[in-house]
Student: 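My questions will all concern the structure given below.
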Amino acid sequence: MASAAERPVIMVLESDVIVRTEIAEYLRECGYKVIEGIAANDLWIIIDAKVELDVVFSEVNLPGETDGFTVARRIRQTYPEIDIILTSSIEGAAEKIQDLCVEGPLKKPYRAEDVAARIHLALGRRRSATRKPK
């Protein structure tokens, strides 16, 4: 396993405590450093604290004024070095998410293994992009 300094950092935004803790624990077992949050404001606090995030895994339907779509747009525009993966059980979310997530949304209920695979894919894509000759 990589040292703590080398482990990718994943922010999990999910208001359902059982779902959030279950996926966060699984991702920790996969070797990721995981930060848990409930609402978009939790993410902005982490970013403002200069914590380097690699991936944000967010529910579309977040509590508060900011939903997952808005989170994804802001991340893509302001923090392009952070990958965003959205999840939703809302019908029709796939079309809305398509331009915000390369592979589209993970539909709930999802398997923890599918989340880890999607994160691995995003991190691998970023590593290969940084290795390309200029």
Side-chain angles (χ1 to χ4, degrees):
M1 184 183 292
S3 72
E6 297 169 348
R7 291 187 302 163
V9 181
I10 314 301
M11 177 90 184
V12 175
L13 285 179
E14 169 64 62
S15 61
D16 184 317
V17 66
I18 294 170
V19 172
R20 185 180 66 251
T21 54
E22 213 170 277
I23 193 61
E25 186 56 36
Y26 181 82
L27 293 172
R28 286 182 184 106
E29 289 172 10
C30 291
Y32 298 112
K33 181 176 178 182
V34 179
I35 301 170
E36 297 178 46
I38 297 169
N41 195 48
D42 297 329
L43 171 63
W44 310 138
I45 290 169
I46 295 298
I47 287 176
D48 289 345
K50 306 290 188 236
V51 174
E52 288 190 30
L53 296 174
D54 294 293
V55 177
V56 173
F57 178 65
S58 177
E59 162 63 50
V60 167
N61 191 21
L62 295 171
E65 296 178 15
T66 306
D67 65 13
F69 297 122
T70 305
V71 166
R73 278 189 209 93
R74 184 170 167 193
I75 291 290
R76 296 285 302 268
Q77 293 169 356
T78 312
Y79 308 99
E81 70 280 6
I82 301 174
D83 286 303
I84 181 84
I85 300 170
L86 294 176
T87 184
S88 178
S89 57
I90 301 169
E91 289 300 319
E95 294 78 30
K96 202 168 178 182
I97 292 173
Q98 201 62 47
D99 64 324
L100 300 173
C101 298
V102 176
E103 282 82 25
L106 273 174
K107 188 168 173 32
K108 283 184 170 180
Y110 51 75
R111 296 176 334 145
E113 297 86 358
D114 295 336
V115 176
R118 184 71 67 90
I119 289 170
H120 182 76
L121 184 66
L123 294 171
R125 187 175 47 247
R126 182 183 323 156
R127 277 192 294 273
S128 66
T130 59
R131 288 188 207 144
K132 289 182 181 172
K134 296 185 176 166

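The model shown is predicted, which means the values in this text are computed figures rather than measured ones.
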Student: If you measure from CZ on Arg118 to CG on Asp83, what distance do you get to the nearest 0.5 Å?
Tutor: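 That separation rounds to 11.0 Å.
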Student: May I ask you to check whether over 12 heavy atoms, not counting those of Glu81, lie within 6.0 Å of atom CD?
Tutor: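 It does: Glu81 CD has more than 12 such atoms within range.
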Student: For a quick test of reading the model, state the closest non-hydrogen atom pair linking Ala39 to Pro63 and the distance between them.
Tutor: CB-O, 3.6 Å
Student: Quick check against the 3.5 Å criterion: does Arg28 have a side-chain atom that pairs as donor or acceptor with the backbone of Val34?
Tutor: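 Confirmed, Arg28 side chain pairs with Val34 backbone.
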Student: Could you give the distance from CD1 (Ile35) to CD1 (Ile46), rounded to the nearest 0.5 Å?
Tutor: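 Interatomic distance, Ile35 CD1 to Ile46 CD1, rounded to 0.5 Å: 4.5 Å.
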Student: What distance separates Ile75 CD1 from Ile47 CD1, expressed to the nearest 0.5 Å?
Tutor: 4.0 Å
Student: With the 4.5 Å side-chain cut-off for hydrophobic clustering, are Ile38 and Met11 part of the same group?
Tutor: no
Student: Kindly check if the number of other-residue, nucleotide or ligand heavy atoms within 6.0 Å of CD (Glu65) is above 12?
Tutor: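 It does not: Glu65 CD has 12 such atoms or fewer within range.
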Student: Is there side-chain contact between Tyr26 and Val115, with at least one heavy-atom pair below 4.5 Å?
Tutor: no
Student: Find the distance between CG (Leu13) and CG (Leu62) and round it off to the nearest 0.5 Å.
Tutor: 5.5 Å
Student: So which atom in Asp16 and which in Glu14 form the shortest heavy-atom distance, rounded to 0.1 Å?
Tutor: N-OE2, 3.0 Å
Student: Between Tyr32 and Phe57, is the ring centroid distance below 6.0 Å?
Tutor: no
Student: Would a 4.5 Å heavy-atom cut-off, applied to side chains only, mark Thr66 and Val71 as touching?
Tutor: yes
Student: Apply salt bridge (charged side-chain N to carboxylate O under 4.0 Å, His left out) to the pair Lys108 and Glu59, showing each step before the final yes or no.
Tutor: CA-CA 9 Å; Lys108 283 184 170 180; Glu59 162 63 50; 2.5 Å; yes
Student: Check the surroundings of atom CD in Glu25: do more than 12 heavy atoms from other residues, nucleotides or ligands lie under 6.0 Å from it?
Tutor: yes
Student: With no hydrogens and no angle check, is any side-chain donor or acceptor of Thr21 less than 3.5 Å from a backbone partner on Ile18?
Tutor: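 Yes; judged by distance alone, with no hydrogens or angles, the pair exists.
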Student: Kindly give the heavy-atom pair with the smallest separation between Gly31 and Arg7, and that separation in Å.
Tutor: O-CD, 2.9 Å
Student: Measure the CD1-CG distance between Ile23 and Asp114 for me, rounded to the nearest 0.5 Å.
Tutor: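 Ile23 CD1 to Asp114 CG: 9.0 Å, rounded to 0.5 Å.
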Student: Considering non-hydrogen atoms only, spot the tightest contact between Ile84 and Ser58 and give its length.
Tutor: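 Smallest interatomic distance, heavy atoms only, reads CD1-CB, 4.5 Å.
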Student: Does any N or O in the side chain of Asp54 come within less than 3.5 Å of the main-chain N or O of Val9, such that one atom is a donor and the other an acceptor?
Tutor: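 Judged by distance alone, yes, a pair lies under 3.5 Å.
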Student: Quick one: closest heavy-atom pair of Ala72 and Leu86, and the distance?
Tutor: CB-CD1, 3.9 Å
Student: Do Val51 and Ile45 sit in one hydrophobic cluster, given that two such residues count as connected whenever their side-chain heavy atoms are within less than 4.5 Å of each other, even indirectly?
Tutor: no
Student: Between Ile82 and Leu53, which heavy-atom pair has the shortest distance, and what is it?
Tutor: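 Ile82 and Leu53 have their closest heavy atoms at CG1-O, 3.5 Å.
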